[in-house]
Amino acid sequence: MWTFLIRRLMQSIVVLIGVTLISFISLQIGGDPTYLFVSENASAEEIQRAREALGFDKPLHIQYLSYVWNALQGDFGNSLSYRQPAMDVVLEAMPATIELTFFSLVLAIGLSIPLGIYAALNRGKPADGGIMTFAMLGQSIPNFWMGIMMILFFGLYLRWFPISGHVPFLEPLFEGDFATAFSNLPRSMYYMIMPAFAVGTYTLARNARLIRSSMLEVLQQDYVRTARSKGISERRVVIHHAMRNAWLPVVTMIGLEFGFLLGGVVVVETVFSYPGIGRLVFNAINQRDIPVVQASVILLAAIFILLNLIVDLIYARLDPRVKL
């Protein structure tokens with residue numbers, strides 16, 4: 001087990017180094033990055049002083065090592081738009097994105113599991129066809145288009161849900177204000193319903209199809225037929241025998257979905273004017289606020305790598321063959 005863990009940690013470190021390299025190249029690819037940090041009316045002397053102060057006059061490999069060292073300390077420079085440390089700007093927006101991502105994941109998992117199991121148990125019937133049709137549509141429709149349609153229909157026409165805004169839950173929770181956090185929870189969920197469905201529909205559809213196929217494969221195994229031949233009720237066969245072994249591929253996907261959803265909220269947060277990290281990155285790209293973009297990319301990559309490692313450990317626990 002320890003060998004497996006060490007191997008995965010080493011692989012994660014290599015991936016993270018690759019992310020920092022790509023992030024560093026993105027700063028250099030547009031030419032001399034010094035001009036991003038000075039005013040348009042700066043003189044040649046001011047530009048040169050800024051270049052030396054920022055270290056952009058040094059060889060690229062020295063700049064990269066300096067960049068990695070500063071990144072390890074959480075120093076990505078100051079935001080060009082907010083005039084404060086870039087990582088602080090990103091961390092301020094992170095709780096809202098975590099709320100939306102987690103709520104989307106809960107909705108997707110909570111609906112995909114019963115839909116996938118029900119479709120597998122009714123294979124070839126109209127219910128199965130209807131669920132799979134919905135799943136294919138869910139995987140085909142872009143989340144930003146779905147968000148716009150939901151705003152037009154549920155927000156502007158029916159006026160059931162707000163089309164923008166956010167009520168914080170995690171922020172007061174992290175500050176220790178539990179009363180405010182839990183009093184905000186119902187309103188926070190209410191504001192997140194439409195963006196959460198827009199973000200989570202693809203995940204819901206894909207997981208429903210994955211659970212259906214996994215269940216169909218397990219239900220044809222010999223031990224399931226043996227359990228049925230012993231007179232065990234169908235409900236117990238499904239819950240205690242089939243579902244337990246059908247979870248392996250599902251656990252992998254569910255564990256990684258949180259990371260995928262974190263990266264997939266950029267457009268949806270922009271559509272709903274949701275104050276999360278996705279909207280922050282979108283605005284930073286438009287304003288060429290490179291330090292904020294770099295801090296966001298590396299933070300999201302680190303979260304994704306950590307989730308990937310946790311999923312591998314859970315998978316190894318569920319299936320001992322993985323450790324071999």
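The structure presented is a predicted model; accordingly, all values stated were derived computationally and were not measured.
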[X] with [Y], same ILVMFWY side-chain cluster at under 4.5 Å:
| X | Y | result |
| --- | --- | --- |
| I17 | I62 | no |
| F182 | V106 | yes |
| L137 | Y202 | no |

Report the distance from atom [atom1] of [X] to atom [atom2] of [Y], rounding to the nearest 0.5 Å.
| X | Y | atom1 | atom2 | value |
| --- | --- | --- | --- | --- |
| I151 | M149 | CD1 | CE | 9.0 Å |
| N283 | E269 | CG | CD | 10.5 Å |
| L170 | T97 | CG | OG1 | 10.5 Å |
| R212 | L115 | CZ | CG | 12.5 Å |
| Q139 | T203 | CD | OG1 | 9.5 Å |
| N143 | I148 | CG | CD1 | 10.0 Å |

[X] vs [Y] side-chain heavy atoms within contact, under 4.5 Å:
| X | Y | answer |
| --- | --- | --- |
| F197 | L107 | yes |
| S112 | I211 | yes |
| M10 | V14 | no |
| M192 | Y274 | yes |
| D177 | L173 | no |
| L300 | M94 | yes |
| V89 | L280 | yes |

For [X] against [Y], the heavy-atom pair lying closest together:
| X | Y | result |
| --- | --- | --- |
| N122 | D128 | O-CB, 3.1 Å |
| A96 | H166 | CB-CE1, 3.8 Å |
| V268 | P195 | CG1-O, 3.9 Å |
| A108 | G200 | CB-O, 3.8 Å |
| A135 | R209 | CB-CG, 3.5 Å |
| T201 | G138 | CG2-CA, 3.8 Å |

Any chance CZ of F103 has more than 12 other-residue heavy atoms, nucleotides or ligands included, within less than 6.0 Å? yes
Taking CZ in R187 as the centre, count heavy atoms belonging to other residues, nucleotides or ligands within less than 6.0 Å. Is the count above 12? no
According to the interplanar angle, ranging from 0 to 90°, do the rings of W160 and F154 count as parallel (below 30°), tilted (30 to 60°) or perpendicular (above 60°)? tilted
Using 30° and 60° as the class limits, which term best fits the ring planes of F161 and Y190: parallel, tilted or perpendicular? tilted
Between W145 and V271, does the side chain to side chain contact (heavy atoms under 4.5 Å, CB included) criterion hold? Intermediate values first, please. CA-CA 9 Å; W145 184 87; V271 168; over 6 Å; no
Quick one: do L204 and F134 satisfy side chain to side chain contact (heavy atoms under 4.5 Å, CB included)? Show the steps, please. CA-CA 10 Å; L204 165 61; F134 163 77; 3.8 Å; yes
Using modelled atom types only, decide if a donor and an acceptor are shared between the side chain of S188 and the backbone of V167 within a distance under 3.5 Å. yes
Is a side-chain N or O of E99 found less than 3.5 angstrom from the main chain of P168, in a donor-acceptor match? no
Under the side chain to side chain contact (heavy atoms under 4.5 Å, CB included) criterion, do Q84 and E92 qualify, and how do the steps go? CA-CA 12 Å; Q84 63 186 78; E92 286 177 6; 3.4 Å; yes
Examine F272 together with Y191 and report whether their ring centres are nearer than 6.0 Å. no
Determine, stepwise, if the pair L299 / L91 fulfils side chain to side chain contact (heavy atoms under 4.5 Å, CB included). CA-CA 9 Å; L299 180 61; L91 292 177; 3.9 Å; yes
